[in-house]
Amino acid sequence: MQDDALHAVVVGAGTMGTTLAKLMAAQGVNVIVVDTNPHVLETSRLSMGESAAAVGFASELTVGQRPDFVIESVTEDVAVKQKVIAQIEVSVADSTIIMTNTSGIPINEIAANMRLPQRFLGTHFFNPADIIPAVEVVPGSHTTASVVETACRWLKQLGKRPAILNTCVPGFVANRIQHAVMRECLALLERGVVEPEALDDIVQYSIGVRMALNGPLCQRDLNGLDTHLNIAHYLYPDLDARDKPAALLEDYVAQGRLGAKSGRGFYRWSDESRAQHQAQERESLQCIIDIATQHAKGNAP
Ligand SMILES: NC(=O)c1ccc[n+]([C@@H]2O[C@H](COP(=O)([O-])OP(=O)(O)OC[C@H]3O[C@@H](n4cnc5c(N)ncnc54)[C@H](O)[C@@H]3O)[C@@H](O)[C@H]2O)c1
């Protein structure tokens with residue numbers, strides 16, 4: 001490890017904290033991952049493979065740790081996050097930048113009780129954080145421009161593509177779009193329009209593969225905005241616009257159908273099929289990212 005390496009702490013060693021620490025270790029950052037649950041820490045260490053040798057593991061934040069930045073990646077609950085941020089604030093120097101990996105809780109809500117909210121911002125990574133390039137960078141109303149600039153510089157050093165939001169909105173950009181898509185998918189299932197397998201096939205092999213190469217706006221430019229408008233006129237009145245989660249989703253979760261982790265969601269899963277799918281996905285994601293990056297180089301509008 002070089003002397004001028006960045007020093008970081010990741011708080012929360014769950015799904016995201018683990019791949020965040022793995023990312024940092026791979027990029028030469030001196031990283032410690034903290035979790036109050038010792039079993040989670042051990043699982044995290046085991047799942048990092050060889051990278052674990054370059055990562056520190058701790059069950060609590062200690063005063064005296066002087067990281068350049070801390071990423072909070074604990075449970076998606078505003079009260080839990082506020083408590084953790086308060087602990088981080090008393091443990092680190094005033095110059096340390098504090099980031100939250102929240103999926104979409106407004107930054108000002110998490111920062112409500114902070115002593116120095118100007119050094120706090122959202123950096124929303126995507127799972128797995130060591131592979132997916134995009135990071136939503138979300139300043140709160142107190143975050144200084146220099147903190148945003150420094151965070152973006154470090155993210156680029158980590159090989160990421162930071163994208164800054166002008167305004168913090170719940171769910172940021174990615175989860176708003178993901179949920180808008182899923183609201184319509186669930187409505188189509190509830191209306192009996194299509195079976196899950198057919199829906200997945202249609203989306204994956206049409207919109208899905210296209211969006212791996214072009215963002216939705218670039219894609220619509222290529223398609224023609226006049227055509228998009230004509231469709232929007234007749235289609236919008238029929239799209240799902242409810243302001244509550246679909247009953248189908250509520251029912252599945254109430255029955256314990258939580259997806260691959262519980263053995264059943266829209267599909268049935270075994271531990272083996274889940275592990276195989278996830279391992280294959282990691283490999284394939286990297287290929288898709290390489291193709292998308294190549295495509296973008298040759299096709300800048
Ligand atoms: N899972 C995803 O796909 C994903 C993607 C992007 C962002 N996120 C966000 O990242 C954050 C973490 O998500 P996750 O999926 O890794 O959750 P997770 O449940 O896998 O992990 C959360 C971890 O936080 C730990 N924790 C709780 N309180 C703590 C405390 N006081 N101090 C230290 N550790 C504590 C828990 O022990 C747990 O290990 C959430 O804000 C989530 O919304 C998740």
Side-chain angles (χ1 to χ4, degrees), residues 8-24 31-48 52 55-63 65 67 69-92 98-111 113 120-138 140 155 158 160-163 165 168-179 181-182 253 258-262 265 274 277-278 281-282 285:
V9 173
V10 175
V11 184
T15 308
M16 289 304 287
T18 297
T19 52
L20 280 168
K22 202 170 169 184
L23 163 74
M24 305 213 187
V31 62
I32 297 172
V33 59
V34 178
D35 201 293
T36 42
N37 184 332
H39 301 295
V40 171
L41 267 185
E42 183 55 10
T43 307
S44 173
R45 194 180 64 75
L46 289 174
S47 72
M48 277 184 213
V55 175
F57 295 87
S59 55
E60 59 183 51
L61 266 167
T62 52
V63 180
Q65 278 167 357
F69 63 98
V70 179
I71 302 185
E72 169 280 302
S73 189
V74 302
T75 318
E76 184 78 344
D77 176 311
V78 71
V80 175
K81 287 190 183 290
Q82 285 176 343
K83 200 172 141 206
V84 169
I85 295 294
Q87 287 166 351
I88 295 170
E89 269 213 302
V90 298
S91 308
V92 299
I98 304 175
M99 308 171 181
T100 172
N101 186 35
T102 177
S103 297
I105 299 173
I107 299 307
N108 286 350
E109 261 184 59
I110 300 176
N113 307 317
F120 181 67
L121 78 169
T123 50
H124 178 214
F125 291 78
F126 294 82
N127 186 29
D130 57 327
I131 295 182
I132 305 285
V135 180
E136 293 183 286
V137 174
V138 193
L155 288 167
L158 290 171
K160 295 296 165 193
R161 300 175 69 99
L165 271 66
C168 177
V169 286
F172 309 149
V173 171
N175 269 314
R176 289 180 83 93
I177 291 172
Q178 188 155 255
H179 279 260
V181 169
M182 269 308 286
V253 173
L258 310 182
K261 66 182 169 187
S262 72
R274 176 188 170 199
H277 201 98
Q278 285 172 335
E281 191 186 55
R282 280 183 67 88
L285 274 173

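Read the numbers this way: they start at 1 and go in the same order the structure lists the ligands and their atoms. No experiment lies behind these values; they were computed from the predicted model shown.
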Min N/O separation [X] to ligand 1 under 3.5 Å:
| X | answer |
| --- | --- |
| Thr102 | no |
| Met16 | yes |
| Asn101 | yes |
| Val74 | yes |
| Thr15 | yes |
| Glu76 | yes |

Query raised in the report: Relative to atom 34 (N) of ligand 1, which among Asn127, Thr123, Thr36 owns the nearest non-hydrogen atom?
Result: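 Shortest heavy-atom distance from atom 34 (N) of ligand 1: Thr36.
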Report task. May I ask whether Lys81 has any heavy atom positioned less than 4.0 angstrom from an atom of ligand 1? Result -> yes
Query raised in the report: Nearest to atom 21 (O) of ligand 1, what protein heavy atom do you find, and at what distance?
Result: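 Closest protein heavy atom to atom 21 (O) of ligand 1: Gly14 CA, 3.3 Å.
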Location of contacts on [X] toward ligand 1, heavy atoms closer than 4.0 Å:
| X | answer |
| --- | --- |
| Val40 | side chain |
| Lys83 | neither |
| Val84 | side chain |
| Val11 | side chain |

Indicate yes or no: at least one non-hydrogen side-chain atom of [X] is less than 4.5 angstrom from one of [Y].
| X | Y | value |
| --- | --- | --- |
| Glu42 | His39 | no |
| Leu23 | Phe125 | yes |
| Ile107 | Phe172 | yes |
| Ser73 | Met99 | no |

For [X], counting its heavy atoms only, list the atoms of ligand 1 lying under 4.0 Å from any of them.
| X | answer |
| --- | --- |
| Ser103 | 6 (C), 7 (C), 8 (N), 9 (C), 42 (C), 43 (O), 44 (C) |
| His124 | 6 (C), 7 (C) |
| Thr75 | 22 (C), 24 (O), 27 (C) |

Query - Atom pair OG1/CG of Thr15 and Asn127 - distance to nearest 0.5 Å - result: 6.0 Å
Looking only at atom types and distance, does a side-chain atom of [X] sit under 3.5 Å from a main-chain N or O of [Y], one as donor and one as acceptor?
| X | Y | value |
| --- | --- | --- |
| Glu76 | Ser103 | yes |
| Thr19 | Met16 | yes |
| Thr75 | Asp77 | no |
| Glu109 | Val78 | no |
| Lys160 | Ile132 | yes |

Report task. Might you check, step by step, whether the distance between atom 17 (O) of ligand 1 and some protein heavy atom is under 4.0 Å? Result -> no
Query - Nearest protein heavy atom under 4.0 Å from atom 41 (O) of ligand 1, yes or no - result: yes
Query raised in the report: Any idea which heavy atoms bring Ala129 and Leu20 closest together, and the distance?
Result: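 So the two residues come closest at CB-CD2, 3.8 Å.
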